[in-house]
2 protein chains.
Amino acid sequence: MSTAAETTGGDIEPWEEVTPDAARRLLVAAVEAFAERGYHATTTRDIAGRAGMSPAALYIHYKTKEELLHRISRIGHDRALGILRTAARGEGSATERLADAVSSFVRWHAGRRTTARVVQYELDALGPEARAEIVALRRQCDAEVRGIIEEGMASGEFEVRDVQGTTLAVLSLCIDVARWFNVNGPRTPDEVGALYADLVLRMVGAEDAGAAQR
Amino acid sequence: MSTAAETTGGDIEPWEEVTPDAARRLLVAAVEAFAERGYHATTTRDIAGRAGMSPAALYIHYKTKEELLHRISRIGHDRALGILRTAARGEGSATERLADAVSSFVRWHAGRRTTARVVQYELDALGPEARAEIVALRRQCDAEVRGIIEEGMASGEFEVRDVQGTTLAVLSLCIDVARWFNVNGPRTPDEVGALYADLVLRMVGAEDAGAAQR
DNA sequence: GCCGAAGGTGAGCGAGCGCTTAGAGCGCCC
DNA sequence: GGGCGCTCTAAGCGCTCGCTCACCTTCGGC
């Protein structure tokens, strides 16, 4: 899985669930603009311009600018949760599953950095009801990671003092990748994913911390 | 140092270097507003209102709204760098100094969360020259932490595969505390600081990871 | 070939933005 | 005690924002 032939260059997104085509183009344009300048600093004219349309076209497909952010956030969180869930419910020891979860989650935050940035840092721009929906998805992400750590504790693979605090730290470490990762920097998403998987296994006291990279 | 009697409740800030009094009140109001809603979503009317003044009063003490952010960011980064530098250049083994650096850095991000949030997440709102100045301070923060890890490697206390990558991860972990920490949550800044110091010592392969908490 | 729905445009509305200006209040030194 | 400098306010300027509206084009079904 760590050698998956995904196209990370240019940050191409699989937004195929968004139809029609014009709505998808607007959404992709919004992701880029929100990631670059933030939700509040992005204008509807900028989004429409990037999609090659007039400002009014946006309102044929979306009721408000906030609905665009909501759709992006919803799809992004579904994707992030799916990644963690796949890893958590896979086969193998807790050590292997935690390494898989961290490396794939980090790879997503690095490779799909623009999406991840919007998903992780623009939550406060949503209204109360939309935010509540997204917060529920985040809690499920937390539960997936906590589940792996608890299983590792039960099997004797891991040893941590504070399961919830460590879970928070692991997720926090992965999420912050979206803040600092540079596509033109020295590291590929795969490399960061492997490094972080190793660091996290050390954090939970897994004995064969170096084994997962092989 | 981990039992320092600092006032974390209410997030009281030591902005005594900002004079006169009205300028300080405006700056504190701006920190709160920026932390709550973000720089772009905050209006000058909101800042002035929180400080109990009219919108025009802001422009007596600051040329623009951006200058306010710049001053906040500058002072905040100076403070953050000071914390890391004090820990890095203190006495004791690399293990002790790294634990000290992480716990005090985390304590600052949790206890002074509003300031830290502005400092760490509103960098992009600055203009090019102001941003360049701040980025230089960040690089110094990185150098301080990397220095401790390198010394720990040289003395045999630590064992990491990628010093720069691990440095980045350690700083990233600490910084992200400002995103998720909740003043009304179950953990105090001291507790998070102690937990994170332990986690970081595990990350760098320090043998007595549990010792620093005593 | 005509029609209605779907998708698009240009112009522009009301509101709120960052910021400016004219002038008022007030303490302080000569 | 009068002039001056510092601080602050009320009013508002010019601009851009999110969003709307009247109208235009394209195209499949009959």
Side-chain angles (χ1 to χ4, degrees), chain A residues 15-73 118 122-131, chain B residues 15-73 118 122-131:
Chain A
W15 298 106
E16 69 270 358
E17 64 256 69
V18 181
T19 56
D21 185 70
R24 178 168 52 245
R25 269 160 47 220
L26 283 164
L27 190 133
V28 169
V31 169
E32 288 172 9
F34 291 163
E36 258 178 44
R37 332 230 263 238
Y39 175 79
H40 289 294
T42 298
T43 70
T44 54
R45 285 164 177 82
D46 183 26
I47 297 168
R50 282 172 191 252
M53 302 165 108
S54 78
L58 197 152
Y59 295 91
I60 295 165
H61 301 283
Y62 301 96
K63 276 212 299 282
T64 63
K65 178 179 149 187
E66 194 197 317
E67 193 196 319
L68 252 174
L69 177 60
H70 184 194
R71 289 267 261 271
I72 292 166
S73 197
V118 178
E122 300 292 347
L123 182 63
D124 291 345
L126 289 170
E129 69 298 332
R131 182 161 55 238
Chain B
W15 297 106
E16 69 269 1
E17 65 257 66
V18 181
T19 56
D21 184 70
R24 178 166 52 244
R25 268 160 48 219
L26 284 164
L27 191 134
V28 170
V31 170
E32 288 172 9
F34 291 162
E36 258 178 44
R37 333 228 264 238
Y39 175 79
H40 289 294
T42 299
T43 71
T44 55
R45 286 164 177 82
D46 183 27
I47 297 169
R50 284 173 191 252
M53 301 167 112
S54 80
L58 197 153
Y59 294 91
I60 295 162
H61 302 283
Y62 302 95
K63 275 212 301 284
T64 62
K65 177 178 149 187
E66 194 197 317
E67 193 196 319
L68 251 174
L69 176 61
H70 184 194
R71 289 267 260 271
I72 292 166
S73 197
V118 178
E122 301 293 346
L123 182 63
D124 290 344
L126 289 172
E129 70 299 331
R131 182 161 55 237

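Proteins get letters first, then strands, A, B, ... in listed order; numbering begins at 1 in each.
Separating the NZ atom of K65(A) from the C1' atom of dC19(D) is a distance of 12 Å, rounded to the nearest angstrom. In this entry the distance linking CG of L26(A) with C1' of dG8(C) reads 11 Å, nearest Å. Distance, I47(A) CD1 to dC17(D) C1': 12 Å, rounded to whole Å. dG27(C) atom P lies 16 Å from atom CG of D21(B), rounded to whole Å. Rounding to whole angstrom units, OH of residue Y62(B) and C1' of dT7(D) are separated by 14 Å. Rounded to an integer number of Å, the gap from CD of E67(B) to P of dG18(C) is 15 Å.
Contacts of E66(B) classified as salt bridge (charged side-chain N to carboxylate O under 4.0 Å, His left out), with partners at least two apart in sequence or in another chain: none.
Between Y39(A) and L126(A), the closest side-chain pair of non-hydrogen atoms is not below 4.5 Å. A 4.5 Å side-chain heavy-atom check between E122(A) and I72(A) finds every atom pair outside the cut-off. Under the 4.5 Å side-chain criterion, counting only non-hydrogen atoms from C-beta, R25(B) is not in contact with V28(B).
Side-chain N or O atoms of K65(A) include none that pairs as donor or acceptor with a backbone N or O of L58(A) at under 3.5 Å. Judged purely by atom type and a 3.5 angstrom limit, R131(B) uses its side chain to pair as donor or acceptor with the backbone of D124(B). With R45(B) contributing its side chain and P55(B) its backbone, the two residues share no donor-acceptor pair below 3.5 Å. Side-chain atoms of Y62(B) never come within 3.5 Å of backbone atoms of L69(B) as a donor-acceptor pair (strictly under, hydrogens ignored).
A heavy-atom distance below 4.0 Å to DNA chain D is reached by these residues of residues 35-45 of chain A, ordered by number: T42(A), T43(A), T44(A), R45(A). Near DNA chain D, meaning a heavy atom under 4.0 Å away, the residues from residues 49-61 of chain B are M53(B), S54(B), A56(B), A57(B), I60(B), H61(B).
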